[in-house]
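See below for the structure under consideration.
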There are 2 protein chains.
Amino acid sequence: MKRQQAHRAIAKASSLPIEVDFREAVPLTEQIRNQIRALIARGKLQPGDQLPTVRQLAADLRVNFNTVARAYRMLEKEALISVRHGRGTFVLAPVSEASKEALKRETLHSLAHHLVQQARALGLSEHEVMAALRRAWQEDEPP
Amino acid sequence: MKRQQAHRAIAKASSLPIEVDFREAVPLTEQIRNQIRALIARGKLQPGDQLPTVRQLAADLRVNFNTVARAYRMLEKEALISVRHGRGTFVLAPVSEASKEALKRETLHSLAHHLVQQARALGLSEHEVMAALRRAWQEDEPP
DNA sequence: TGTATCATTGTATCTTTGTATCATTGTATC
DNA sequence: GATACAATGATACAAAGATACAATGATACA
């Protein structure tokens, strides 16, 4: 019976505004990947920006740096970032208007899935979630 | 192929103070599950503690590791532990029955606000978000 | 200027840990 | 006995971690 105190539920990074939840069913790689994709989609990360090194972000999030490296490689496959051995990782410019749209769609998709996944874990009904979302939409002041 | 099992009447684990009795009518999964639940209830296992790996405990108890994994997953459904692929299994902090509902509402509220905030930052309409959510709800397999 | 050396950064690969799926076994029911 | 079902086991798979390696760039010094 180990008294291992390595288990923090949530870890926030300081090098990037993202966080991981170790209790969630979603794999860490996916969590990291989805949040970085969202940052790019929202313009919080701009073309040319350098991402933290895999070791830096991994230390922040208290995960293995290979986990971050895997997330980066997947984002590279999506043509969102460029990962260069020995140099670092950089945000790419979207190649077309269509790819920007695709990025937005994919981001919304993953955000929606995240909410559904969490809601289901709480045993909430579709109706409850929809209602909460409508309410939230009105409560948040429109821009 | 005949399997000699007479030697396993009772097996005690060294990695956890629990044991299984192969002659008992109660399924092994239940025996393991009940005893771990009791250890948590009595505080012998505390929030943050790491449980033995499924293979470790299985070897101790002379049981297939899937049997332990099943017990772990059931305990996870009871919200007593968190089982993470590739990482291990950890005891969760208890949530009182009384605060469960409030916590659920709070979580839903913050999840909904988060989605709204992100969606607005992406310049999406309420209708688009609602539609995406409905789709996501159907894509995730219903329990 | 060239290059040796070292620190930094990502990569490859193997291990550890849980998951998914199908096969086997034992038991209840007919 | 035959059959159906639940429990357990066997095996292949996938996520995350550990460790050794390779590419790049900075620095020192001949």
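None of these values were measured; they are calculated from a predicted model. Order of the sequence lines sets the chain letters (A, B, ...), proteins ahead of strands, with each chain counted from 1.
In the set D/dA16, D/dT19, C/dG10, C/dG10 carries the atom at the smallest distance from any side-chain atom of A/T89. Closest approach to the A/F65 side chain among D/dT11, C/dT11, D/dA16 is made by C/dT11 (side chain taken as heavy atoms from C-beta onward). Proximity note for A/N64 (side chain, C-beta onward) versus C/dT19, D/dA16, D/dA18: the nearest is D/dA18. Distances were taken from every side-chain heavy atom of A/H85 (C-beta onward) to each of C/dT11, D/dT8, C/dG18; the shortest belongs to C/dT11. You'll find that the side chain of A/L28 is closest to D/dA16, out of D/dA16, C/dT11, D/dG9. Between C/dT19, C/dT11, D/dA10, one nucleotide has an atom nearer to the side chain of B/A69 than all others, and that is C/dT19.
Applying the ring pair (Phe, Tyr, Trp, His ring centres under 6.0 Å) test to B/H85 and every residue at least two apart in sequence or in another chain returns nothing. A/K100 pairs by the salt bridge (Lys or Arg N to Asp or Glu O under 4.0 Å) definition with A/E97, not counting sequence neighbours. The side-chain contact (heavy atoms from CB on, under 4.5 Å) check on B/Q35 picks up B/I18, B/E19, B/Q31, with sequence neighbours excluded. In this view, A/K12 satisfies the salt bridge (Lys or Arg N to Asp or Glu O under 4.0 Å) rule with no residue, not counting sequence neighbours. A/H114 is linked by a ring pair (Phe, Tyr, Trp, His ring centres under 6.0 Å) to nothing, counting only residues two or more places apart in sequence or in another chain. Taking A/R37 as the reference, A/E78 meet the salt bridge (Lys or Arg N to Asp or Glu O under 4.0 Å) condition, with sequence neighbours excluded. In this structure A/E24 satisfies the salt bridge (Lys or Arg N to Asp or Glu O under 4.0 Å) test with no other residue, sequence neighbours excluded.
Contacts with DNA chain C (heavy atom under 4.0 Å) in residues 29-38 of chain A: none are found. DNA chain C lies under 4.0 Å from at least one heavy atom of each of the following residues of residues 48-61 of chain A: A/T53, A/V54, A/R55. Residues of residues 70-82 of chain A having a heavy atom closer than 4.0 Å to DNA chain C, listed by number: A/R70, A/R73.
The two residues A/V20 and A/L61 make their nearest non-hydrogen contact at CG2-O, 3.9 Å. Considering all non-hydrogen atoms of both residues, B/W137 and A/E126 come closest at CZ2-N, 3.3 Å.
One can place CG of B/N66 at 10 Å from P of C/dT19, the figure rounded to the nearest angstrom. Rounding to whole angstrom units, CZ of residue A/F90 and P of C/dT8 are separated by 16 Å. The distance between atom CD of B/E24 and atom P of D/dT8, rounded to the nearest whole Å, is 12 Å. Across the protein-nucleic acid pair, A/F22 atom CZ and C/dT17 atom P stand 17 Å apart, rounded to whole Å. In this structure, B/R62 atom CZ and D/dG9 atom P are separated by 13 Å, rounded to whole Å. One interatomic measurement links the two molecules: CZ of B/R87 to P of C/dT17, which rounds to 13 Å at whole-angstrom precision.
A donor-acceptor distance shorter than 3.5 angstrom exists from the side chain of A/E76 to the backbone of A/V83, with no hydrogens or angles considered. Using a distance-only test at 3.5 Å, with no hydrogens or angles considered, no donor-acceptor pair links the side chain of B/T67 to the main chain of B/V63.
Counted by atom type alone, A/H109 and B/E139 present one or more donor-acceptor pairs between their side chains at under 3.5 Å.
Paired runs in DNA chain C that reach 3 or more consecutive Watson-Crick or G-U pairs, where each pair keeps both distances under 3.5 Å, cover C:1-30 with D:1-30.
Using a cutoff of 4.0 Å between basic side-chain nitrogens and carboxylate oxygens, A/K104 and B/E128 are not scored as salt-bridged.
Among residues at least two apart or in separate chains, side chain to side chain donor-acceptor pair (under 3.5 Å) pairs with a member in residues 53-63 of chain A are A/S14-A/D60, A/S15-A/D60, A/Q56-A/D60.
The residue among B/T67 and A/G86 whose nearest nucleotide of DNA chain D lies closer to the 5′ end is B/T67.
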